[in-house]
Protein chains: 2
Amino acid sequence: MTADDTRTAILDAAETLLAEVGYAGMSLRAVTQRAKANLASVNYHFGSKAALARAALERRARPVDAERLRQLDLVEQAHRGGKRPPVRAVVRSFVAPVIELSSEFGTSTCSMFCRLIAEQPPFLDEVLTEKFATIGRRFAEALRRAQPLLTIADAYWQLHFMVGALTHTMQHVGMWQRVAGPDFSPASTDEIVDRLCAFCAGGVKAHEPRSPSRRKTRSKATSR
Amino acid sequence: MTADDTRTAILDAAETLLAEVGYAGMSLRAVTQRAKANLASVNYHFGSKAALARAALERRARPVDAERLRQLDLVEQAHRGGKRPPVRAVVRSFVAPVIELSSEFGTSTCSMFCRLIAEQPPFLDEVLTEKFATIGRRFAEALRRAQPLLTIADAYWQLHFMVGALTHTMQHVGMWQRVAGPDFSPASTDEIVDRLCAFCAGGVKAHEPRSPSRRKTRSKATSR
DNA sequence: CATCCTGTCGAACGTTCGTTTGAAACATAC
DNA sequence: GTATGTTTCAAACGAACGTTCGACAGGATG
């Protein structure tokens with residue numbers, strides 16, 4: 001009984017701290033203090049700091065990715081038989097679950113995702129590799145179905161840009177509000193999702209096929 | 001003589017390590033070892049670890065931001081008198097200098113930018129606040145001139161998304177290559193700039209004005 | 001020559017880190 | 001009751017951290 005309580009209390013504390021200070025900045029003493037647990041209990045329940053962080057991440061990432069795939073399946077089923085699914089809907093299946101499910105779990109869930117992706121501590125390598133091999137491949141294919149002009153490489157680049165916009169946005173909304181002041185009003189979850197999806201869908205649709213032979217002339221003044 | 005040599009050797013080492021392991025992960029012992037300098041020399045020349053990181057960042061950020069403003073000035077001068085500057089050109093002034101100048105300085109310059117922005121160690125607060133107050137405001141205005149439909153808040157959101165796509169892209173190109181395999185071919189600096197500018201400009205242009213009264217209904221599962 | 005300033009260097013300071021240990025506390029089964 | 005397995009706890013381990021200190025070398029200035 002108390003064993004599971006301790007486990008989840010530690011996971012909750014780790015999630016908050018990962019969001020606020022990242023993996024390198026999170027000390028097990030801070031975790032156990034916040035969880036009102038003993039220092040040794042982390043290594044008892046999880047084995048190591050890396051294993052704890054990994055568990056805290058996967059606890060949240062699993063349902064988010066499941067929801068992504070579920071929404072994508074629905075989108076594709078609704079546009080079966082030659083009809084191309086709209087880019088915007090595919091993008092939304094990728095973006096929305098992160099923000100919406102995270103805001104259900106708590107304010108720090110999304111920040112934890114974004115911080116870990118940005119920091120990429122060593123223990124995350126295989127987790128991310130596997131995740132992108134499944135989720136990434138699946139959405140790259142869906143993007144190509146929605147926008148047949150895309151090559152495989154194109155689709156991966158678009159996903160890459162989307163992940164960047166998504167993670168950075170969710171991690172640093174606070175800073176922009178501080179910097180831009182009242183011009184940058186606080187936003188609801190729905191508004192952020194809408195803005196982000198519109199931006200990413202527009203970016204994907206803006207793609208113009210590259211001809212590898214034609215080398216673009218770059219206007220001087222910019223130049224490289 | 002040797003004094004300046006030591007200083008720049010330390011800055012170079014710090015830049016590399018900030019790019020690879022971030023601020024929290026960078027130890028002064030690792031810095032001095034890589035710079036072939038004495039451990040105490042960091043505090044002698046810079047005063048503290050935070051001051052060193054700040055110096056390493058500003059050494060590179062200053063010319064990048066200057067180039068951004070220079071290119072933006074050129075774009076706006078070329079479209080004076082009622083003519084709206086193209087969104088793509090404004091976006092490019094913001095994006096290209098980071099990638100192009102960084103690749104001149106060395107492979108780690110851009111990664112350092114991106115890691116620090118993602119990590120946001122405490123010492124960076126005032127640096128970023130000041131930078132976004134000048135560069136951010138300037139480009140937000142330029143975006144609104146290029147795309148008059150944008151409100152101030154809209155423009156800041158677009159910039160926010162652009163920064164995310166930019167930083168994430170430049171920091172994690174390597175991972176995507178590893179994950180996606182040969183599908184995700186290595187890219188030249190020019191190609192990355194082109195792809196990124198196309199995506200961001202498309203995202204900005206895709207903006208549709210929001211009517212604050214009309215609350216959008218969200219269709220469960222897919223999109224709205 | 002002596003003096004001063006600038007840098008370098010090895011060594012140590014006090015903290016904090018992740019991890020381990022061994023004993024106590026607890027619940028469950030016989 | 002005793003025995004068994006699980007969980008908590010205080011304490012300590014060695015290692016690594018940022019920082020500080022005093023001694024020492026080198027060249028410029030008097």
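Below, chain A is the first sequence line, B the second, and so on; all start at residue 1. This structure is a prediction, so every number in the text was calculated from the model and none was measured.
- With no hydrogens or angles considered, no side-chain donor-acceptor pair links B/E20 and B/S108 at under 3.5 Å.
- Atom CZ of A/R137 and atom CD1 of A/I152 lie 8.0 Å apart (nearest 0.5 Å).
- Here C/dT16 presents its P atom at 18 Å from CE of A/M26, a figure rounded to the nearest Å.
- Comparing atom distances between the B/L28 side chain and each of C/dG7, C/dT19, D/dG18 picks out D/dG18 as nearest.
- Taking atom CD of A/Q33 as the reference point, atom P of C/dT16 lies 12 Å away to the nearest angstrom.
- Look at NZ on A/K36: it is 22 Å from P on D/dT7, rounded to the nearest Å.
- Taking side-chain N and O atoms only, A/H45 has no distance below 4.0 Å to OP1 or OP2 of D/dT6.
- The residue among A/V42 and B/A37 whose nearest nucleotide of DNA chain C is located toward the 5' end is B/A37.
- Residue A/N43 places none of its side-chain N or O atoms closer than 4.0 Å to OP1 or OP2 of C/dG18.
- In this structure, a donor-acceptor pair under 3.5 Å is absent between the side chains of B/T189 and B/E100.
- Look at A/N38 and you won't find any side-chain N or O under 4.0 angstrom from OP1 or OP2 of D/dT7.
- In terms of position on DNA chain D, the residue among A/Y44 and A/L39 whose nearest nucleotide sits closer to the 5' end is A/Y44.
- For B/S27, counting side-chain heavy atoms from C-beta on, the closest listed nucleotide (D/dG18, C/dT19, D/dT19) is D/dG18.
- Checking C/dA12, C/dT19, D/dT8 against every side-chain atom of A/S48, the shortest atom distance belongs to C/dT19.
- Among B/D12, B/T109, B/T8, the one residue that satisfies the side chain to side chain donor-acceptor pair (under 3.5 Å) test with B/R59 is B/D12.
- Distance NZ (A/K49) to P (C/dC17): 9 Å, rounded to an integer number of Å.
- Taking only side-chain nitrogens and oxygens, B/S41 never comes nearer than 4.0 Å to OP1 or OP2 of C/dT8.
- Separating the CG atom of B/L17 from the P atom of D/dC17 is a distance of 11 Å, rounded to the nearest angstrom.
- Side chain of A/A40, nearest nucleotide from D/dT7, C/dT21, C/dA12: C/dT21.
- Considering CG of A/L57 and CG of A/L52, their distance stands at 11.0 Å, rounded to 0.5 Å.
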Pick out the pairs of N or O atoms, protein on one side and nucleotides 13-15 of chain D on the other, that lie under 3.5 Å.
none

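- In this structure, A/D5 places its CG atom 15 Å from C1' of C/dA27, rounding to the nearest Å.
- Here B/T6 does not reach the OP1 or OP2 of C/dG7: none of its side-chain N or O atoms lies under 4.0 Å away.
- In this structure, B/R54 is not positioned above the aromatic face of B/F123 in the sense of NZ or CZ being under 6.0 Å from the six-membered ring centre and within 45° of the axis.
- Distance A/F46 CZ to D/dT8 P: 11 Å, rounded to the nearest Å.
- Using the six-membered ring where Trp is involved, B/F199 and A/F161 have ring planes that are tilted, between 30° and 60° apart.
- Counting heavy atoms of neighbouring residues, nucleotides and ligands inside a 6.0 Å radius, atom CD of B/E58 exceeds 12 of them.
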